[in-house]
Protein chains: 2
Amino acid sequence: MSATIKDIANKVGVAPSTVSRVLSNKTKYYNSLTAEKVKKAAEELGYKKNQAAVELVKRESNVIAAVVSSVKTNFAGEIIDGIQEEALKHGYDLIVVYAGSADSDEQKRALLTVIERPVMGILLLSIALGEDNLKLLKESQIPYCFLSMAFDDNRPFISSDDEEVGYKATKLLIDKGHRKIGLAGIDKFPYTGRLRLQGYKKALDEAGIVFQEDWIQTGDYSYLSGEKAMDQYGKDTDLTGIVAVSDMVAIGLLNKARNLGLNVPGDLSIVSIDGTEMCRIVQPQLTSISQNFFEMGKSGVQRIEDIKKHKKLVNLQQMIPTRIEERQSTTQKENLTYF
Amino acid sequence: MSATIKDIANKVGVAPSTVSRVLSNKTKYYNSLTAEKVKKAAEELGYKKNQAAVELVKRESNVIAAVVSSVKTNFAGEIIDGIQEEALKHGYDLIVVYAGSADSDEQKRALLTVIERPVMGILLLSIALGEDNLKLLKESQIPYCFLSMAFDDNRPFISSDDEEVGYKATKLLIDKGHRKIGLAGIDKFPYTGRLRLQGYKKALDEAGIVFQEDWIQTGDYSYLSGEKAMDQYGKDTDLTGIVAVSDMVAIGLLNKARNLGLNVPGDLSIVSIDGTEMCRIVQPQLTSISQNFFEMGKSGVQRIEDIKKHKKLVNLQQMIPTRIEERQSTTQKENLTYF
DNA sequence: GTGAAAGCGCTAACAT
DNA sequence: ATGTTAGCGCTTTCAC
């Protein structure tokens, strides 16, 4: 076993509490001579603090836990970056655990591994907890906040305004003269998907476009969903623009469209939602409604901080602004039938 | 505060030790009636085990820690998937911490957050520790293994055979009739980069090709490195094939080549190293020497397991086989000048 | 089968 | 400035 403060105390000839004070930098509660000796002994013994013991007595820790829905979402990394940066600023450590987005047992397992130790806050990245697991989380008394996922109950979250996102994407196409606009890759479940669909419909409505059921292709935000959706639309689709609910869907759309002999953006404009690095490394580069994932991460940490401090205003639901980034996958439609 | 076993003991009217036995499933050391009552009370009180306390007394835990060099490497996810799956099989929990790949302080911080609690094993993903941090790791007495990174000292690691990888990639191009072959995005640091370079040179040697210094473009495995490399080679390069040291480099190469008016694979063949999903979502799809990252993760967990069991054979260095996946970015060179 | 008691490594009063 | 003491929540002998 590794050396303990007792070992150091013995070696130096002081009390364990003194060692503790030195090693925890309780300045002004020890003199620099003993401090020297203690530090030297610690070094020599290869001493490592046992945080389990520390956390047990202090009943608090400086670690923030992030629970991530899946290793594969390509924006999780950006959120984690944001969390990391902000955490560092506050002197917190970050640990990440992965949970399958769907499977309730996996979720529970992931949740327990963080709840069962005294973490100071839990951030849940694009994960929708089931009833049981949400209860677990609440009971733990640990400050928490959902990231990149919005809810219509009173859970605290930080997310993009998904209705607005759907609206903006659709409106962008409409403003470029498109009237027949698809929506691809969307899930049928509550929250994100439904909200974006609402925004999409709202934009269509405002433009007086009557929406057709087969403009919508459901999916799960994946590359495959994009390919499948484009297959469904088919080579002879009368759509001139499509909103993709994620970058991966957009790329699936793009590739399949090309295989079908359709030119993007010549025959078909695509606007993607997310705006990760992916948009810039495909050709044509994808126009996107870009979410500020990094900022979500930062805000998440600040939220944990807030809850800890003010104890209450727990259920704040907050939106992070998105921005439109026009790249090469969208174009003005020339033959504006309405002029 | 959350309820403790003491609270449960009081509520049920038994001793804390009994509660402990029930909750830890020490079967046959309690009767099922008390077990019932205890479990019910635990449920009602929303009891959560305090792992800090458990680990303190047991001096061991069932969590494996993965230290990842950066959020951005796009294959880390595959390794983590592998770790996760194998960990689950053994009943271990996984926590992940991120460390900058370069900055020594960040590395240390990440390392300490896992060393300072009783984790049962540490897996380091494509991260090259500095002397100090390596010492820290060794002192901790915790079983560890490097993943996706090879060393020439006696550290335990599991990785692809990087020399072979470089060799295979280059040989593939040679077999297709290419004689002027670049190597792009490689780093100047030891290990991975240097080994792949060796393999590259070996393949060239064997084919009697005399290698030119300007065929090599250094970089850092990033998309940008790829673009920069292609810029350096230039529109009028006499290279007909390029080996990219990562998928991202390959994509950078690909896009820049296209911008320069070069057709891939018509004018230029590209073979990528890694073989992640990225290879399949760009057009043309990238031929690759694919690493089995998932398997690396699995083997990593097994290694931890082994070290724990047999205590010694610690420094085993292990290679995971790679495979060649031909896709669309490589083609036979027609005019074979040597016939 | 269950209770009592000791102790894991550390910190935080409370003394001095 | 430093030593003494108690105790965080749990597991584990050792009794009975």
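Everything numeric in this text was worked out from a predicted model, so none of it was measured. Numbered from 1 within each chain, the chains take letters A, B, ... in sequence-line order.
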- Expressed in angstrom and rounded to an integer, what is the separation of B:Arg117 atom CZ from C:dC8 atom C1'? 17 Å

- Which comes earlier along DNA chain D counting from the 5' end, the contact point of A:Asn31 or that of B:Pro16, where each point is its nearest nucleotide? A:Asn31

- Taking C:dC10, D:dG3, C:dG7 as options, the one with an atom nearest any side-chain atom of B:Val57 is C:dG7

- Item | Atom pair distance, as rounded to whole Å: CD in A:Glu116 and C1' in D:dT11 | 15 Å

- Any side-chain N or O of A:Arg21 less than 4.0 Å from the OP1 or OP2 oxygen of D:dG3? no

- Query: Are B:Glu86 and B:Lys89 close enough for a salt bridge, meaning some N to O gap below 4.0 Å?
  - Reply: yes

- Query: NA contact type, B:Ser20, heavy-atom cut-off 4.0 Å: base, sugar-phosphate, or nothing?
  - Reply: base

- Salt-bridge criterion met for A:Lys40 and A:Glu44 (N-O under 4.0 Å): yes

- Note on the structure: From CZ of B:Arg59 across to C1' of C:dA6 the rounded distance in Å is 13 Å

- Task: Would you mind reading off the distance between A:Leu56 atom CG and D:dT11 atom P, rounded to a whole angstrom?
- Result: 12 Å

- Interatomic distance where CD1 belongs to A:Ile8 and P belongs to C:dT11 [whole Å]: 11 Å

- On DNA chain C, more 5' by nearest nucleotide between A:Gln51 and B:Tyr30 is B:Tyr30

- Is the phosphate of C:dT2, meaning OP1 or OP2, less than 4.0 Å from a side-chain N or O of B:Thr34? yes

- Item | Spacing of A:Asn50 atom CG relative to D:dC8 atom P, expressed in whole Å | 18 Å

- Starting from the 5' end of DNA chain D, give me the residue, B:Ala52 or B:Thr18, whose nearest nucleotide shows up first. B:Ala52

- Item | Residue whose nearest DNA chain C nucleotide is more 5′ - B:Ala15 or A:Lys58 | B:Ala15

- Does B:Ser17 get its side chain close enough to the base of C:dA4, under 3.5 Å, for a donor-acceptor pair? yes

- Item | Partner of B:Ile158 by side chain to side chain contact (heavy atoms under 4.5 Å, CB included), out of B:Leu123, B:Ile79, B:Leu147 | B:Leu147

- Query: Are B:Lys48 and A:Glu139 close enough for a salt bridge, meaning some N to O gap below 4.0 Å?
  - Reply: yes

- Message: Output the rounded distance in Å from NZ (A:Lys26) to C1' (C:dA13).
- Response: 13 Å

- Message: Could you check whether A:Arg155 makes a cation-pi contact with A:Phe151, meaning its NZ or CZ is under 6.0 Å from the centre of the six-membered ring and within 45° of the ring axis?
- Response: yes

- Message: Rounded to whole Å, how long is the line connecting atom CD of A:Glu36 with atom P of D:dT2?
- Response: 13 Å

